[in-house]
Student: 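The structure under discussion is supplied below as structure tokens; questions concerning it will follow.
In what follows, every chain begins at residue 1, and chains take the letters A, B, ... in the order their sequences are listed. None of the values given here were measured: they were computed from a predicted structure.
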Amino acid sequence: FDEIIVDLTTKRKQYPRKILECVIKTIKAQHE
Amino acid sequence: MSVDPMTYEAQFFGFTPQTCMLRIYIAFQDYLFEVMQAVEQVILKKLDGIPGCEISPVQIRKCTEKFLCFMKGRFDNLFGKMEELFLQLILRIPPHILLPEDKCQESHPCSEEEIQLLQQEIEQLQEKYKTELRTREALLAELEEQKIVQAKLRQTLTLFDELENVGRDRGTNDFREGLVFLVQNSRKLQNIRDNVERESKKLKIS
Amino acid sequence: SSTISRVKLLDTMVDTFLQKLVAAGSYKRFSDCYKRFYQLQPDMTQRIYDKFITQLQASIREEICEIKEEGNLEAVLNSLDKIVEEGRDRKEPAWRPSGIPEKDLCSIMAPYFLQQRDTLRHHVQKQEAKNRQLADAILAGRKQVEELQLQIQARQQAFQALHREQRELLAVLREP
């Protein structure tokens, strides 16, 4: 249970930033 | 009793507070046992050094267990209180606090519907921009055409001007006069030619 | 308002825990449990007890230091102090993850989509303005072409009239 919580919350902390990097790359590519 | 998984705290610390407390509890408890074991070892060693001592290791073990049992009870009680305070005051994110990585949840709250609308608007704007760019191409193309047409038309006008200028070079200030002047000149030339022909006939006859 | 830092609070709590634990495991209690040894060797009992307490406290403090170092706990707790301090004026409960990632992700992406939308809006408006200028230039150009055509038409008609007159003139001039 503890590992699941840590895994889940680590994703909550890190994934938005990673996804955002992809979104920003996509937006820049579209812009170019 | 539902367990509070303290996920928001785990998001911040990278571990669950309960696990942290468990880790501390186990470490403290191990130390208590280790130190007690060391105490017992020292006492047994001391007793070995006393000749004719009647205290047996079993008796010492009983003493150790008695003291440890009491200490363990107090330890658990005290640790429980400390854990409660830890989880309340140290390893807790107060309910009114938002972590920095979640700032935009409150600065730009956005539902899924809103984000879809936003994406639709972006697509429409992209289409509109492409249309404007195509319009620009078409407009620029017509501008180029206009330049060519205007150049041709000006060329034609220049032609007319040159025609007029020809007349002007001959001292007539406009084309009509030029033409009359031309026709009169050609008329004179005709007369001169007739005269020449007549004279040459006379010469032949004589 | 002068909140104690979490690190200080932690140290205080551990100290209090140790004090109370030591108070519970008093020398009297210790000597009661090891009564016969105590009667045999009171001084030795005292020394063993003192050593027991010192060792226990040292081990527990050392453990706390290790945990602090291992998880860089002091820096993490100090940064939490800072975050809490920054949010001290707030009263209402703050946002928490909904448990639906897609939903929570929307607000994170919103600022970037909004920025993209504004940039696109700006580009579209700029291009529209440029195209309006181009369109005006084209209308002016069309007008100019029209004028040039009219000028040429006028010149052409004048020239044709002239030509007609020329022929009449010639006819007159040519009459015997």
Student: Let me know if C:Gln133 has heavy atoms under 4.5 Å from chain B in its side chain, its backbone, both or neither.
Tutor: neither

Student: Taking all non-hydrogen atoms of both residues into account, name the closest pair between C:Phe37 and B:Ile55 and its distance.
Tutor: N-CD1, 3.7 Å

Student: Got B:Arg136 and C:Gln127 here, is their nearest side-chain heavy-atom distance under 4.5 Å?
Tutor: yes

Student: For a quick check under 3.5 Å, do B:Tyr31 and C:Glu63 share a side-chain donor-acceptor pair by atom type?
Tutor: yes

Student: Does any backbone or side-chain atom of C:Glu86 lie under 4.5 Å from a heavy atom of chain B? Answer side chain, backbone, both or neither.
Tutor: neither

Student: Going through the checks in order, is the side chain to side chain contact (heavy atoms under 4.5 Å, CB included) test met by B:Leu89 and C:Met13?
Tutor: CA-CA 10 Å; B:Leu89 301 175; C:Met13 280 188 205; 3.9 Å; yes

Student: So, do C:Phe17 and B:Phe86 have ring centers that fall under 6.0 Å from each other?
Tutor: no

Student: Between C:Arg121 and B:Lys128, is any pair of side-chain heavy atoms under 4.5 Å apart?
Tutor: no

Student: Of all heavy-atom pairs between C:Ala137 and B:Gln146, which one has the smallest distance, and what is that distance?
Tutor: O-OE1, 4.1 Å

Student: Which region of C:Leu73, side chain (C-beta onward) or backbone (N, CA, C, O), has a non-hydrogen atom less than 4.5 Å from a non-hydrogen atom of chain B, or is it both or neither?
Tutor: side chain

Student: Given 3.5 Å as the limit, does a donor-acceptor pair link the side chain of C:Ser107 with the main chain of B:Cys110, or not?
Tutor: yes

Student: Which one of B:Phe75, B:Phe15, B:Phe70, B:Phe13 has the most heavy-atom pairs closer than 4.5 Å to chain C?
Tutor: B:Phe70

Student: Does the ring of B:Phe67 carry C:Arg29 above it, NZ/CZ under 6.0 angstrom from centre and within 45° of its axis?
Tutor: no

Student: Please find the pair of heavy atoms, one from C:Asn131 and one from B:Leu139, that lie closest to each other, and give the distance.
Tutor: O-CD1, 3.5 Å

Student: Could you tell me whether the side chain of C:Arg36 reaches within less than 4.5 Å of the side chain of B:Glu54, counting heavy atoms only?
Tutor: yes

Student: Spell out, as yes or no, whether a donor-acceptor pair under 3.5 Å connects the side chain of C:Gln144 to the backbone of B:Gln150.
Tutor: no

Student: Between C:Arg117 (side chain) and B:Ile122 (backbone), is there a donor-acceptor pair under 3.5 Å?
Tutor: no

Student: Do B:Glu106 side-chain atoms and C:Ala94 backbone N/O form a donor-acceptor pair below 3.5 Å?
Tutor: no

Student: Kindly give the heavy-atom pair with the smallest separation between B:Leu98 and C:Ile83, and that separation in Å.
Tutor: O-CG2, 3.9 Å

Student: Under 4.5 Å from any heavy atom of chain B, what part of C:Asp104 do you find: side chain, backbone, both or neither?
Tutor: both

